[in-house]
Amino acid sequence: MDHEEQHPDDVDAALQAADVMMRVAARSVSEVEDIVTSPQLRVLVMVATRGPQTLGGVAAELGVHASNATRTCEKLVRLGLVERAEDPDDRRFVRVTLTPEGRALVERVIGHRRSALAEVLASMEPDERSAATASFRAFASAAGDLPSADGRFTLLLPGAAAGI
């Protein structure tokens with residue numbers, strides 16, 4: 001179905017649902033803003049979703065100069081949320097990995113998002129919930145694989161479909 005065949009109410013309904021999900025994501029970020037900044041959370045989620053990252057990869061993802069990425073990661077090291085280590089395959093590169101504390105913080109954020117969305121689903125009538133679930137699956141399938149490592153928006157970690 002092309003865009004001209006879409007009914008405006010369909011798009012509005014999708015936007016309303018997306019607005020709820022974005023507010024849930026924003027609330028979960030505010031729950032940890034006393035610990036990490038938004039760019040720091042983006043780094044943590046990127047490492048959680050993609051695995052160890054080079055400082056160059058962090059800089060590219062954040063859209064900042066390498067020195068800014070280095071400072072961001074150093075703050076995360078001081079907070080005990082990431083570790084820096086030489087890349088075993090190429091010692092010219094430093095890789096950033098999550099510490100158990102870093103992983104716990106990411107899981108806390110994602111867990112908050114899951115809980116908030118679960119509350120919304122639980123408030124629906126069973127038939128409505130089944131229809132919504134089927135619609136969400138169809139919507140995600142139609143969109144393809146467009147994951148986001150941006151901690152402001154990521155709702156699901158790899159391998160966490162069954163819950164955290």
Verify same cluster id: Ile35, Leu41 (apolar side-chain graph, 4.5 Å): yes
Same apolar cluster (I L V M F W Y, side chains within < 4.5 Å links), Val20/Phe139: no
[X] side-chain N/O to [Y] backbone N/O, donor-acceptor pair under 3.5 Å:
X      : Y      : result
Ser123 : Val120 : yes
Ser141 : Ala138 : no
Arg129 : Leu121 : yes
Arg114 : Val109 : no
Arg113 : Ala26  : no

Full working for side chain to side chain contact (heavy atoms under 4.5 Å, CB included) between Ile110 and Glu107: CA-CA 5 Å; Ile110 301 300; Glu107 289 175 354; 5.8 Å; no
State, to 0.1 Å, how close [X] and [Y] come at their nearest heavy-atom pair, and which atoms those are.
X     : Y     : value
Thr37 : Gln40 : N-OE1, 2.8 Å
Pro39 : Leu62 : O-CD2, 4.0 Å
Val96 : Val47 : O-CG1, 3.8 Å
Ala66 : Ala59 : CA-CB, 3.9 Å

For residues 51-58, tabulate all N or O donor-acceptor pairs below 3.5 Å that involve a side-chain atom, not counting sequence neighbours.
unit_1 : atom_1 : unit_2 : atom_2 : d
Gln53  : NE2    : Gly51  : O      : 3.1
Thr54  : OG1    : Gly57  : N      : 3.0

Heavy-atom side-chain proximity of Arg108 to Val32 below 4.5 angstrom: yes
Spacing of OG1 belonging to Thr133 relative to CD belonging to Glu128, to within rounding of 0.5 Å: 11.5 Å
NE2 on His65 to CZ on Arg71, rounded to 0.5 Å: 9.0 Å
Step-by-step side chain to side chain contact (heavy atoms under 4.5 Å, CB included) determination, Gln16 to Asp19: CA-CA 5 Å; Gln16 287 174 330; Asp19 184 64; 5.6 Å; no
Candidate pair His112 and Arg27, rule side chain to side chain contact (heavy atoms under 4.5 Å, CB included), full reasoning: CA-CA 9 Å; His112 177 274; Arg27 224 173 324 161; 4.0 Å; yes
Partner residues of Asp9 under the salt bridge (charged side-chain N to carboxylate O under 4.0 Å, His left out) criterion, sequence neighbours left out: none
Please report, to 0.1 Å, the donor-acceptor pairs under 3.5 Å made by any side chain of residues 75-85, with sequence neighbours excluded.
unit_1 : atom_1 : unit_2 : atom_2 : d
Arg84  : NE     : Glu74  : OE2    : 3.4
Arg84  : NH1    : Glu74  : OE2    : 2.5

